Amino acid sequence: MMPLTPMPTEPLVEMRGLKTHFHTDDGVVKAVEGVDLDIYPNRTLCVLGESGCGKSIMARSIMRIVDAPGRIVEGSIQYRSAEGSIVDLAKVRHGSRQLRQIRGQDIAMIFQEPMSSLGPIQKIGQQIAETISLHRDVSRKEAKEIAIEMLDKVGIPRPRERFESYPFELSGGMRQRAMIAMALSCQPRLLIADEPTTALDVTTQAQILDLIAELKEEFEMGVMLITHDLGVVAQVAEDVAVMYMGKVVEKGDVYSIFERPQHPYTRALLESVPKIGGEKRDRLPAIRGMVPHPLARPTGCTFRTRCDHFMPGICDVNEPAMVDIGDSQAACFLHLEKTHD
Amino acid sequence: MTEPVIEVRGLNKHFNIGGGFFSKPNDVVRAVDNISFDVMRGESFGIVGESGSGKTTLGRCMMQIIKPSSGSVKFHGTDLVGADQKTLRQIWQAIRMVFQDPQSSLNPRLRVIDLIGQSISKAEGLKGAALADRVSELLTKVGLRPEFLHRYPNAFSGGQRQRLGIARALATNPEVIIADEAVSALDVSIQAQTLNLLKDLQEQYALTYIFVAHDLAVVEHFCDRIAVMYLGQIVELSTTTDLFQNPKHPYTRALLEAVPIPDPRARKPRRLKGEAIPIVASKGCRFSPRCPHATDMCRETVPTTRKIDGADVLCHYAGDI
C-alpha cells in the first residue's frame, strides 16, 4: 500500500458552482451543471464517469478551450498562482495575455489523441522548443537543450535524434510521450490529462502512468486525470470525483471511494466491471438502461431513472445536495435521510 | 468430449513492406506467423494481444476477408483457404463477425430492416411482412424495441448500435460468431450489458464465440480458453483459469502485471520496458529483446511450442522460470 501524500493546505484550483452550457437549436445542453471541486498540488485527482457525463467539458472549462456554442454561464474557477495571487479563470477574457500566460506555462493539458496537439508538419523537437521559447526567457539553443532533456525524461530513446523526427515517424506510445514532454516543458503547476492512455496498450499505459506519477512528485505538480478506467483510478489517484450528467455525485479519497462507495452510481460502476482474479460470475451486475439524453434531464436526482434505490416522491422532486459521509461526500437522498435522523 | 468446430493449421499471413514499384520489398511483416489451434463447439475462445500482435488479422484471415499466405482453416472439415465463392458464401452464413466500431460497420444509409434483413432475404428469400416479423424478432432478442425497424443507425447510441451489429450477426442462425473488440468502445455499464447479452445468446443458441480483445479482465470474465498473441505468434494457449493463475510465458506474465487492478491497495510497481517492433530478425525468440529472462539461446534459437501442464507455450524456458 502506498502512503497517502499529506493533504496540502491550499488548493491550486477551486471550482465553485461551475456551469458550462451549450446553447443549441434544440435546447440547452447542461454539460457541466454546478461542479464544486478542488485540485491540490502534488496530488492526483481522478475524474471518473461514463462518456457524456461532462468530465472533458469541465476540464476544458479550466483551460478555457470549450468550443462554441458552449460557454461558462455561472460559477468560478479560482486559480492560485505561484505568487499567491488568485485569478478567476472563468472570468478571464478570451485571448487575453493573462490567459495565454497561464495556459501552457502554469496549466498544461494532454489529450487522448496526441495528434490533436502535435502539428503534423513540424519536427517534434521544434514544437517543444517553440513552447519553451514562448514561455521561458531562454535562447534558442538553450530551448533546444531543454527540449532534448524533456524528451529524455519522458523515456524517448535517443532524444537527440528524435528531436529531428516528425510525429508520423513515431509510434502511438512515443507520440503520447512527445506530447507529455511538450506539456511538461514549462514545468506547469497543474497538468490536466484527458484520457491520456485510453488509446494505448496496457504495457505502454503502465509506462505513461508511471511517468506522470514520477513527474508529479518531482515538480510537485497537481494532476487532474480524466478516465473511465477504474483500474487506472485505483492505481494513480489520491482523490476521486465521480461525475454523472454534469454533476459530481461523489468525491473523496481513493480508499473511501473504492472501499466505502456511498452513491448508488459509484457502487454500480464498481460492480459492473469484470475484475481479474475476482470471483467467477456468469453475469455482470450491469447498470440498467443508459445515460439519458442530455436534453431530457430527469427532474430531481439525475440518476434516479437507473437507480435501484429510487424513492418516489423524494428522488424525483428535489435535487440531492452533497453531504459528508465519513471521509467522502455524496449527493444522494439515502444519506440525507440518515443525517436527518 | 466436444469436437472442434474450427481447426486452424499453420496459418500464415505475410505483408511485404517498403520497396517501390520496381524494386523488391525491403522487409516482411509476419502479421500471422504459423498459427494452429482448434475451437471447440460451444466454447468461448479468446484471442488477446496488444495492438500490432496480429489478433485482428488472424480473425480476418480465418474468414478469408484477408487471404492468408499459407495454411488451412477448416470449418467442420471444409477448408476455407482456397474454397470457391459459393462455398465461402455458405460458410459466411454459419460464421459471422461483430466488429468493434458499429459506427463504421453499419451502413448509415440503410434502415434497420434492410441492414439486418438483407442477409435473411438472401438466405431464406423472406420478403415483406414475413421479413419485418423476423427482423422485429431479432431486435427483441438483442434487447431493442421492434418499433426501431424503420430507423437509421445514426438514431441509435453506441451501445444500441452494437446490439444492431449482434442482431445482424444472428440473422443467419450462425454456429460461430467472431467478435473483434466487440465491447471495447463501450462504456463500462453498457459493456456489462452487452457481455451479459452475448452470454444469454450463447446459452440460447449454443453459439461458439471467438472473442478477440485486448482487455484482459473482460476476456477472463468471458472466455473458457485463451490464446495470447505477440507479434503474430501465439505465445501461450491455455484454459482461462490456468492462464490467469499460472501464466507460463514471460510475456503473459508481463501483460497480466501491466493491467491496472481496480483496487487502490493493490498498487504495484511493474514494468515491461520497450515496445513491440513488428519487423524483427528471424533469429531467436521474438520476445527476447524485451524479456527479463532472455539468454543467448533465446536470442539465437527460435523456440517451438511445447506442452507444459496442459498449456501450449512458445518459450525455451517455460516451466523453469
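Just so we're on the same page: letters track the sequence lines, and every chain starts at 1. As the structure is a computational prediction, the values presented were derived from the model and not from experiment.
- Using a 4.0 Å cut-off between a side-chain N of Lys or Arg and a carboxylate O of Asp or Glu, E220(B) and K275(A) do not qualify as a salt bridge.
- Of the listed residues (I276(A), V202(A), I287(A)), the greatest number of heavy-atom pairs within a distance under 4.5 Å of chain B belongs to I276(A).
- In this structure, chain A has a heavy atom under 4.5 Å from the side chain of S157(B), while its backbone stays farther away.
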Original post:
What's the verdict on side-chain contact (heavy atoms from CB on, under 4.5 Å) for R265(B) and F258(A), showing C-alpha distance, side-chain angles and the deciding distance?
Top reply: CA-CA 10 Å; R265(B) 304 225 182 249; F258(A) 276 82; over 6 Å; no
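- Heavy atoms of D215(B) lying under 4.5 Å from chain A are absent altogether.
- More than 12 heavy atoms of other residues, nucleotides or ligands lie within 6.0 Å of CD in E259(A), so this atom counts as buried by the packing criterion.
- The closest side-chain donor-acceptor pair between R288(A) and S189(B), if any, does not fall under 3.5 angstrom.
- Contacts between V236(A) and chain B at a heavy-atom distance below 4.5 Å involve the backbone alone (N, CA, C, O).
- Looking only at distances, a side-chain donor or acceptor of D187(B) sits under 3.5 Å from a matching main-chain atom of S51(A).
- Contact annotation for Q160(B): only side-chain heavy atoms (C-beta onward) come within less than 4.5 Å of a heavy atom of chain A.
- Residue contact with chain B, scored on non-hydrogen atoms closer than 4.5 Å, involves the side chain of V273(A) exclusively.
- A distance of 10.5 Å separates CG in L270(A) from CG in D263(B), rounded to the nearest 0.5 Å.
- If you measure heavy-atom distances from L195(B) to chain A, the contacts under 4.5 Å come from the side chain alone.
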Subject >> Evaluation steps, side-chain contact (heavy atoms from CB on, under 4.5 Å), between Q193(B) and L284(A) >> reply: CA-CA 8 Å; Q193(B) 291 172 2; L284(A) 292 166; over 6 Å; no
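- Closest approach of A217(B) to P274(A), counting heavy atoms only: CB-O, 3.4 Å.
- Listed for the Q235(A) side chain is no donor-acceptor partner under 3.5 Å among the backbone atoms of P262(B).
- For chain B, the option among E271(A), H293(A), H228(A), M290(A) with the highest count of heavy-atom pairs below 4.5 Å is M290(A).
- In this structure a side-chain-to-backbone donor-acceptor pair under 3.5 Å is missing from N196(B) to R283(A).
- Across every non-hydrogen atom of E50(A) and I190(B), the tightest pair is OE2-N, 4.4 Å.
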